[in-house]
Amino acid sequence: MAQYARSPAVAVIRLRNPPVNTLSFAVLQALEDGLEKADADPSVKAVMICGENGKFSAGADIRGFSSPNRPVKSLAALVSLIESSKKPVVAAIEGIALGGGLEVALGCHYRVAHVKARMGLPEVTLGLLPGAEGTQRLPRLIGVPAALDMITTGKHIPATEALKLGLVDEVVEENTVEAAIRLANKVIGQPLGPRRLSLKPVPKLPDMEAFLSQARVRVKKQAQGCLAPELCFQAVRAATQMPFADGVRRERELFMVLLSSGQARALQYAFLAERAAQKWTTPGGASWSSATPQPVRSAAVIGLGTMGRGIVTSLVKANIPVVALEQDLEYLNTGRKAVMLLLEREAMKMEVGAQTLDFHNPARLQFTVDFDSLRDVDLVIEAVFENMALKKEIFHKLSRICKPGALLCTNTSALNIDEIASATSRPQQVIGTHFFSPAHVMRLLEIIYGRHTSPTAIATAVQLAKALKKVGVVVGNCFGFVGNRMMFPYVQQAVFLLEEGSRPEAVDRVLEDFGFKIGPFRMSDLAGLDVGWRSRQGQGLTGPSVPAGTPARQRQGQRYSPLPDLLCESGRFGQKTGKGWYQYEKAGGRTATPDPWLHSLLAQYRDTHGIEPRFIDQEEILERCLFSLINEGFAILAEGIASGPEHLDVIYINGYGWPKHKGGPMFYASTVGLPRVLAKLHKYSEAHPDVPGLQPSAFLKKLAAVGNPPIKEWMSYLSQQSSRL
Ligand SMILES: CCCCCC/C=C/CC(=O)SCCNC(=O)CCNC(=O)[C@H](O)C(C)(C)COP(=O)(O)OP(=O)(O)OC[C@H]1O[C@@H](n2cnc3c(N)ncnc32)[C@H](O)[C@@H]1OP(=O)(O)O
């Protein structure tokens, strides 16, 4: 847990708790024992603390926050114990010093960091604040503006920046432990008072009050409904207003408020869910633990529309050489200009000193109209528009041209991977990679395996996501996969609510107040209403293929709303045409204003179809939209399309703007309580028996019936009960 050694006047205490040396009870106890031993040994003149395996410490164990025996209080006491040591204590920071790990280092009298180390207080991202006196020590060391920035954003800073801020005393390129021992020997006998941060005053600013009030506004704006940034701010402000001991008391009070908040639980769940989602399995038995990825040393992207441009940019940023292909020179030139512009912008955003983007070198980024240039690439991502015939034609070509092992990916948001793969002679190498727009910004990559996709192909796509700094979530093949399949009933309910009496702005407001970045109607306007229209035409739900005499509001025995089709028929495609569910200042404008034209269309529509408009309250809007989405999530789990609720939550947080502090839709359902979700779905489906999306799924009913088990147990009920579902 912590190893004690001598070198020879310096006691060496090594934190050891793989993989990231989290501060468990045992680690803290061993650290305390080591300090006592060093104190009691007259031949020891100084102490050095480092971490095993090139990592200092990732802080407290996130899994332990829900445990009643969490070691949080003893961590603060231990940091004080380190600081009050009569012998100098030096931290040797390699790899990472995060959260409680950095707080331990702040208790030390000196800090030496390796040039590749990163430091931070990311507690805010877990819904907490640095509760081992970090909010009081850091401002005393690096000043209030820098401390407030680190504590309220949780960002990790590189060692070179830490040196500039005064967070570390030395940055070394060679052996950090040896450098720290050298420093420890050097400072033996020097006074420790000036090195004890709790005794230092907080550096003054010319107008601290004005600085703090502006900072508070900034923090609140960035918080988007999350409580922790505001309480982090309050704790740092306390450091500017109170003596150290009172500041520590205030920090502890605020910490306890956050610790017991639902937001902290949701954010900690979201952290662990992202890790859990990396451990993919398929119903056929393929798994992350046995599949080996193929190296991707080069890639090609077909189609330089919005998605293709973002994908090329992502690959270049990941330092993967790319061949970008378009159908003709005109499209190629337009696409090339757009990609170069994106890359110029990305290059400008990069940190000074970071590796530069090598996109002017044709060996790294090549533009072509010649399919033969794809002969040698390790992986191809097709990103043409959503047309099955076109995609099949391209995959047929790829199957003939690409080298035998190449992975063939299709960027689609809904189309059948098996049908696309059927156009090739190597369906085991075909996989869906659903990027989210803008593809060089959005973190999510939905990875869809088909019936024949090999485990190697899945592992390679997961590895690609990592290389692109994205979170890849592996899911099965069904219409809309996971993300869009759950989105359909959500948007559908929103439209039914308009039929029944609501307005787009009312529905959007409720969902934005819940925490979504934008509500369903503003989202549809942004994405383009024509996208869904084309898809509905393809499914035979609207357009000339609908048999004559089909009732306007009925399809396949269920209620259908033709409202979105009516908008498209009037040329209202959303932002791009300046009109959709809202009106905009111009085509391509972004400021949505409620539109009287739409209100009168709704009134006319209700008259035509004999619908008596009613007032719909916020609770009904929220529940019908969210519970229908969640309900589809349970159906997806029952069908084995995703291997756990965490996967669905990671998709929603990273691809659909679900507020992270609410943990994702399935976690949210667990906090509402499954019996309540079920009861509400029953109520709404009884009131609207032919409206799709409201009939509770069998798996939700099962879980409610077995007594609302915790989310981590849900899947075990599925395997026990699947035959009866
Ligand atoms: C009243 C007094 C109160 C006193 C309170 C004291 C409070 C202290 C607060 C804290 O310290 S909160 C924790 C702060 N630390 C973090 O937020 C770090 C979180 N971890 C990361 O950012 C990353 O994991 C990493 C450390 C940068 C490593 O990233 P990498 O991509 O290399 O690997 P991962 O796949 O993310 O992680 C590997 C493995 O380690 C597990 N893990 C990482 N950090 C923690 C942690 N802090 N607690 C528990 N587990 C952690 C992670 O889950 C992976 O394991 P798995 O089994 O594969 O899931």
Side-chain angles (χ1 to χ4, degrees), residues 15 17-25 27-28 31 51-80 93-107 116-138 150-151 153-158 228 231-232 235 247-260 264-265 267-280 288-289 443 462-463 465-467 469-472 644 646 650 660 712:
L15 309 174
N17 189 12
V20 289
N21 299 326
T22 49
L23 302 169
S24 61
F25 257 134
V27 170
L28 295 185
L31 180 51
E52 179 88 345
N53 273 338
K55 293 182 178 96
F56 189 75
S57 168
D61 186 339
I62 295 167
R63 288 177 181 83
F65 281 119
S66 46
S67 136
N69 300 325
R70 55 186 173 259
V72 283
K73 200 156 179 201
S74 49
L75 177 58
L78 191 67
V79 174
S80 293
I93 302 174
E94 295 174 300
I96 42 156
L98 298 173
L102 184 57
E103 288 176 299
V104 165
L106 288 172
K116 290 201 174 138
R118 286 180 296 135
M119 280 147 266
L121 293 174
E123 286 87 340
V124 67
T125 64
L126 300 167
L128 297 173
L129 56 77
E133 306 177 355
T135 65
Q136 306 303 300
R137 280 198 177 82
L138 192 64
M150 277 182 75
I151 293 172
T153 63
K155 68 181 179 194
H156 299 184
I157 60 164
L231 270 60
C232 282
V248 163
R249 265 192 291 280
R250 181 75 185 126
E251 177 193 271
R252 192 143 311 161
E253 281 165 18
L254 294 166
F255 183 87
M256 296 320 287
V257 171
L258 288 173
L259 189 63
S260 56
R265 272 194 297 279
L267 286 162
Q268 288 153 28
Y269 164 84
F271 174 87
L272 296 171
E274 193 170 313
R275 271 81 197 158
Q278 299 316 299
K279 298 185 174 154
W280 58 270
W288 65 279
S289 58
R443 276 192 86 218
V462 170
Q463 186 67 30
K466 250 192 206 138
K469 296 203 165 60
K470 296 193 184 295
V471 41
E646 299 88 354
V650 171
K660 199 172 185 179
K712 57 176 185 290

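Indexing begins at 1, ligand by ligand and atom by atom, following the structure's order. Since this is a predicted model, take the numbers as computed values, not measurements.
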Below the 3.5 angstrom mark, is there an N/O of [X], backbone or side chain, next to an N/O of ligand 1?
X	answer
G100	yes
A132	no
R275	yes
G101	no
P19	no
R252	no

Please work out, at 4.0 Å between heavy atoms, whether the side chain, the backbone, both, or neither of D61 comes within that distance of ligand 1. both
Any idea which part of T22 is under 4.0 Å from ligand 1, heavy-atom wise: side chain, backbone, both or neither? side chain
Number the atoms of ligand 1 from 1 as they appear, then name those within less than 4.0 Å of a heavy atom of [X], with their elements.
X	answer
A60	8 (C), 9 (C), 10 (C), 11 (O), 13 (C), 46 (C), 47 (N), 48 (N)
F255	1 (C), 3 (C), 5 (C)
I96	26 (C)
G59	11 (O)
G99	11 (O), 14 (C)
L75	6 (C)
A58	13 (C), 14 (C), 15 (N), 16 (C), 18 (C), 26 (C), 44 (N), 47 (N)
L126	12 (S), 13 (C), 17 (O)

For [X] and ligand 1, answer yes if some heavy atom of the residue is under 4.0 Å from a ligand atom, otherwise no.
X	value
L128	no
K279	yes
A76	no

Filtering R63, R118, Q278, E123 for the heavy atom nearest atom 59 (O) of ligand 1 leaves R63
Audit row: L121, L129, side-chain contact (heavy atoms from CB on, under 4.5 Å) steps and yes/no: CA-CA 8 Å; L121 293 174; L129 56 77; over 6 Å; no
Do the non-hydrogen side-chain atoms of [X] and [Y] ever get within less than 4.5 Å of each other?
X	Y	result
W280	V462	yes
Q278	V471	yes
K469	R443	no

Cation-pi check, R275 to F271: give yes when NZ or CZ is under 6.0 Å from the six-membered ring centre and within 45° of the ring axis, no otherwise. yes
Separation of L106 CG from Q136 CD (nearest 0.5 Å): 12.0 Å
CD1 (I62) and OG1 (T22) are apart, to the nearest 0.5 Å, by 9.0 Å
